[in-house]
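Step one of this worksheet: look at the structure below.
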4 protein chains.
Amino acid sequence: MKSNRPKYKQIIDAAVVIIAENGYHQAQVSKIAKQAKVADGTIYLYFKNKEDILISLFQEKMGYFVEQIELEISGKESAQDKLLVLIKKHFQILSDDVHLAVVTQLELRQSNKELRLRINDVLRGYLNLIDSIIIEGKETGAFLPDLSVKLARQMIFGTIDETATTWVMNDQKYSLPKQAEAVHQLLLGGCACKN
Amino acid sequence: MKSNRPKYKQIIDAAVVIIAENGYHQAQVSKIAKQAKVADGTIYLYFKNKEDILISLFQEKMGYFVEQIELEISGKESAQDKLLVLIKKHFQILSDDVHLAVVTQLELRQSNKELRLRINDVLRGYLNLIDSIIIEGKETGAFLPDLSVKLARQMIFGTIDETATTWVMNDQKYSLPKQAEAVHQLLLGGCACKN
Amino acid sequence: MKSNRPKYKQIIDAAVVIIAENGYHQAQVSKIAKQAKVADGTIYLYFKNKEDILISLFQEKMGYFVEQIELEISGKESAQDKLLVLIKKHFQILSDDVHLAVVTQLELRQSNKELRLRINDVLRGYLNLIDSIIIEGKETGAFLPDLSVKLARQMIFGTIDETATTWVMNDQKYSLPKQAEAVHQLLLGGCACKN
Amino acid sequence: MKSNRPKYKQIIDAAVVIIAENGYHQAQVSKIAKQAKVADGTIYLYFKNKEDILISLFQEKMGYFVEQIELEISGKESAQDKLLVLIKKHFQILSDDVHLAVVTQLELRQSNKELRLRINDVLRGYLNLIDSIIIEGKETGAFLPDLSVKLARQMIFGTIDETATTWVMNDQKYSLPKQAEAVHQLLLGGCACKN
DNA sequence: AATGAATGAGGTTTCATTCAT
DNA sequence: GATGAATGAAACCTCATTCAT
């Protein structure tokens, strides 16, 4: 398995740093190679091309997201609690690794449509996680029985993503994790007054 | 006023078509000029540089968004109705101009950080419109009194945007405007069951 | 005669100012037109093309050089005095019009080989003036009888030109006319000690 | 040291040929690369940009001038002999490499002011060589004791340069080196008759 | 005569990828 | 496996000149 070879992670991590610090379009392969302390050519022993570095980067990190969130979710009983954990963990991981946050929220979105379609494939695993919470919520009666899974997922992911992007764009001036509970509340209850 | 000159709109419209059909990075100035039926150099009589075309494009179109939505909103009484109109109109405009939808949801996001910051400035007008609806809703008691305007706006815009992007990514296979009511419902009431 | 038409001199003078202030390569036709307070197209009613402006400029100014110097020379008896007057007047004219000095000593030399060949044609009149002084000097016994007219002219013009260029390059920090006598002395007597 | 790398000289030499044959403004990087039998991009591994090729070219060649002349001068006793050697060698080098002569006397002067200022820096070494001969001549009594070093240098360099330029402009129809002695004579003794 | 909007050719430089060592 | 020198395609923008008014 390629990801076991010594320089694989080295290059991925270098890519995160270089992209975060220089931006997507200034993240030349040679810069990544230098940061990873390997030769330019070595990159191509581990990755098919530059795009493959980015896909792999996203896979590794998004895999970590799913893994971490699944781990924490497993201890929770209700769909509502699971959703809270998902939001909290999502915000926590980004907050803990600002480089990663900049890369996923801003830089990687500058990739071309094709790359973004492939990134969406990777994202699928995360969206499935959200879907499973929604489905469980509907089954247990925690969520509305006629909730559209797709729409609900779009609202949940869209809101989390927009909140994270706004935070990054504002130079992380405030605490993202502290917003988790309010976001959770909002997603569950909506904007409207129930009087 | 530059936008009154006939070739200004001609070039903007050409840019939308070319970017939608070829993608952001394959939208060469020469292609746009050809589509607009002007010489390459003529572009530079109306726009400072290529980036300026994109900013102007976004300004024109987003201005149209805000204008149209404000027009329709003015006839509505409640904040809830106004939100519905905003979502409907947003989805309708994108649905009516698929080229525009592709450009705003996918292609323009590939621009560099600097350009996106300037795009955000333009977006500000739209976000202010959302904010004004939220504030009115809070004042009239239609929305929760302790609602965070910022968070609510992030949920509303994030959800609309994610829904639109998903629709574009899925090659506009289904009707976007038909989702407006369900999205509206969801934003107002959230996911949770109120039993 | 074209040079009688009202805007001819206006454009030439504008060209001197624009080239002096912006440099040869930044002296666009549109800038010259603006400075001359005429439309871009008007330039082409007076000049065949951009090169023609520069040739004409050089012709006008070099004609003035020759005219002025011939005027002053006519009053002098000896070839040696005539040479002194030539040097003095040459330095004086440049000193009186720093824009002109910058244009002739620095900027116009950036033109391409072809233009410079044509400029050399214009220069011919000035070089002929020098030649006539040398020939007269040889005939009257003031200059060495076996002096090569061509070499002597190259020394005289080369020295005057290099002195003027050095002065312009040094930002006209010192008085150029004050150097005329020493240059004259040097050209007549050379470097060597006659013991 | 970059000038030891084989392709460095290869590119410089190609630049001399291409500029001499096509003129400064028609000397595209792609032409130089082709002549040097390297890829366009390879140029940029050895030179910062196109201007850097020209500066380096001038440095290399002018360095060779100074080096060669210093070598030959060291064997000469008097300042007068040293000056003769300088003129002879200067003319000889240009005469031996007509491409180089065209480039230094005509083409390189078309560069912009900034480039020419940097070229002047390089020229400084050559002018210093002339100065040292003048100073030595003054000290040994070979040259006039009250000679201005600056003016004398301007005369010597101006005359040599003008003579070389005239020769190049006349398509090298006659022998430049054969003029060295007469130029030398003229610079030492001036034009005037000493009766 | 005068205008000025429109034209369109042309070149420097970057950087992902290769391959001989 | 690792290296890094070499490759070469590709595009934005400028500006001299024209010509309909």
Side-chain angles (χ1 to χ4, degrees), chain A residues 2 5-8 10-11 25-34 36-54, chain B residues 5-8 10-11 25-34 36-53, chain C residues 5-8 10-11 25-34 36-54, chain D residues 5-8 10-11 22 25-34 36-53:
Chain A
K2 71 174 180 178
R5 284 182 294 166
K7 291 175 183 168
Y8 179 84
Q10 209 167 315
I11 294 167
H25 289 293
Q26 282 307 304
Q28 293 87 352
V29 172
S30 59
K31 265 190 198 151
I32 296 174
K34 196 169 184 183
K37 302 190 183 189
V38 300
D40 293 16
T42 305
I43 300 263
Y44 291 86
L45 299 175
Y46 291 87
F47 301 92
K48 207 164 79 255
N49 49 33
K50 186 180 178 181
E51 188 172 278
D52 190 30
I53 307 177
L54 304 176
Chain B
R5 288 179 292 173
K7 291 187 178 163
Y8 179 83
Q10 210 167 310
I11 293 165
H25 289 293
Q26 281 307 304
Q28 292 88 350
V29 171
S30 59
K31 269 190 196 151
I32 295 173
K34 198 170 183 180
K37 302 190 182 189
V38 298
D40 292 20
T42 304
I43 302 263
Y44 293 88
L45 297 176
Y46 294 87
F47 302 92
K48 216 167 67 251
N49 48 36
K50 188 180 176 180
E51 187 173 277
D52 190 31
I53 307 177
Chain C
R5 286 183 293 167
K7 291 175 183 166
Y8 179 84
Q10 210 168 313
I11 294 167
H25 288 293
Q26 282 308 303
Q28 292 87 352
V29 172
S30 60
K31 265 190 198 150
I32 295 172
K34 196 170 185 182
K37 301 191 181 183
V38 300
D40 294 17
T42 305
I43 300 264
Y44 291 86
L45 299 174
Y46 292 86
F47 301 91
K48 211 165 78 251
N49 50 33
K50 186 179 180 182
E51 189 173 279
D52 191 30
I53 309 177
L54 304 175
Chain D
R5 288 179 291 173
K7 291 185 179 164
Y8 178 83
Q10 209 168 310
I11 293 166
N22 299 273
H25 288 293
Q26 282 306 306
Q28 293 87 350
V29 171
S30 59
K31 271 190 195 149
I32 296 173
K34 198 171 184 180
K37 300 188 185 192
V38 299
D40 292 18
T42 305
I43 301 263
Y44 292 86
L45 297 176
Y46 294 87
F47 301 92
K48 212 166 70 251
N49 50 33
K50 188 180 178 182
E51 187 173 278
D52 191 30
I53 308 177

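For the numbers below, each heavy atom of this structure counts, side chains included, while hydrogens, waters and symmetry mates do not. Letters go in sequence order (proteins before strands), and every chain restarts at 1. In this text, all values refer to a predicted model and were calculated from it rather than measured experimentally.
Between Thr42(A) and dT3(F) there is a side-chain N or O to OP1 or OP2 distance below 4.0 Å. At the phosphate of dG1(F), neither OP1 nor OP2 sits under 4.0 Å from any side-chain N or O atom of Lys7(A).
Residues passing the side chain to side chain contact (heavy atoms under 4.5 Å, CB included) test with Glu51(C), sequence neighbours excluded: Asn49(C), Ile55(C), Asn112(C), Leu115(C), Arg118(C). Gln28(D) pairs by the side chain to side chain contact (heavy atoms under 4.5 Å, CB included) definition with Gln26(D), Ser30(D), Lys31(D), not counting sequence neighbours.
With dA16(E), dC12(F), dC15(F) as the choices, the nucleotide that has an atom nearest any side-chain atom of Gln28(A) turns out to be dA16(E). Closest to the Ala39(B) side chain, of the nucleotides dG8(E), dT3(E), dG1(F), is dG8(E). Between dT17(E), dA2(F), dG4(F), one nucleotide has an atom nearer to the side chain of Tyr46(A) than all others, and that is dA2(F). Taking only side-chain atoms of Gln26(C), from C-beta outward, the nucleotide of dG11(E), dC15(F), dG8(E) with the closest atom is dC15(F).
Between Lys31(C) atom NZ and dC15(F) atom P the separation is 8 Å, expressed in whole Å. Between the P atom of dA5(F) and the OH atom of Tyr8(D) lies a distance of 17 Å, rounded to the nearest Å. For the pair Ile32(B) CD1 and dG8(E) C1', the interatomic distance rounds to 17 Å; values are reported in whole Å. What separates CD1 of Ile53(A) from P of dA16(E) is a distance of 9 Å, to the nearest Å. As a whole-Å value, the separation of Lys34(D) NZ from dG8(F) P is 12 Å. Atom CG in Leu45(B) sits about 13 Å away from atom P in dG8(E), given to the nearest Å. Regarding Asp52(C), its CG atom lies at a distance of 14 Å from the C1' atom of dT17(F), rounded to whole Å. Straight-line distance from the NE2 atom of His25(B) to the P atom of dA16(E): 12 Å, rounded to whole Å.
Between the CG atom of Asp52(C) and the NZ atom of Lys48(C) there is a distance of 5.0 Å, given to the nearest 0.5 Å.
Ile32(D) and Ile11(D) make their closest contact through CG2-O, 4.0 Å (heavy atoms, listed as atom of the first residue, atom of the second, distance). The two atoms that bring Ile53(C) and Ile43(C) nearest to each other are CD1-CG2, 3.7 Å, heavy atoms only. Shown here for Gln10(B) and Lys37(B), the closest heavy-atom pair between the two residues is NE2-O, 4.4 Å.
A donor-acceptor pair under 3.5 Å links the side-chain atoms of Lys50(D) to the main chain of Ala27(D), judged by distance alone.
Looking at which nucleotide of DNA chain E each of Ile43(C) and Asn49(D) is closest to, the 5′-most match is held by Ile43(C). Nearer the 5' end of DNA chain E, as judged by each residue's closest nucleotide, is the contact made by Lys50(D), out of Lys50(D) and Lys50(A). Along DNA chain F, the nucleotide nearest Ser30(B) and the nucleotide nearest Lys37(A) are compared for position; the residue whose nucleotide lies closer to the 5' end is Lys37(A).
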Using a cutoff of under 3.5 Å, can you pull out all pairs of nitrogen or oxygen atoms linking the protein to nucleotides 18-21 of chain E, with atom names and distances?
none

Apply side chain to side chain contact (heavy atoms under 4.5 Å, CB included) to residues Tyr44(D) and Val29(D) and explain how you reach the verdict. CA-CA 10 Å; Tyr44(D) 292 86; Val29(D) 171; 3.7 Å; yes
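Pairs of Watson-Crick or G-U wobble type, with distances under 3.5 Å, assemble into runs of 3 or more in DNA chain E at these ranges: E:2-21 with F:2-21.
Base engagement by Val29(D) is indicated by at least one non-hydrogen atom pair under 4.0 Å involving a base atom.
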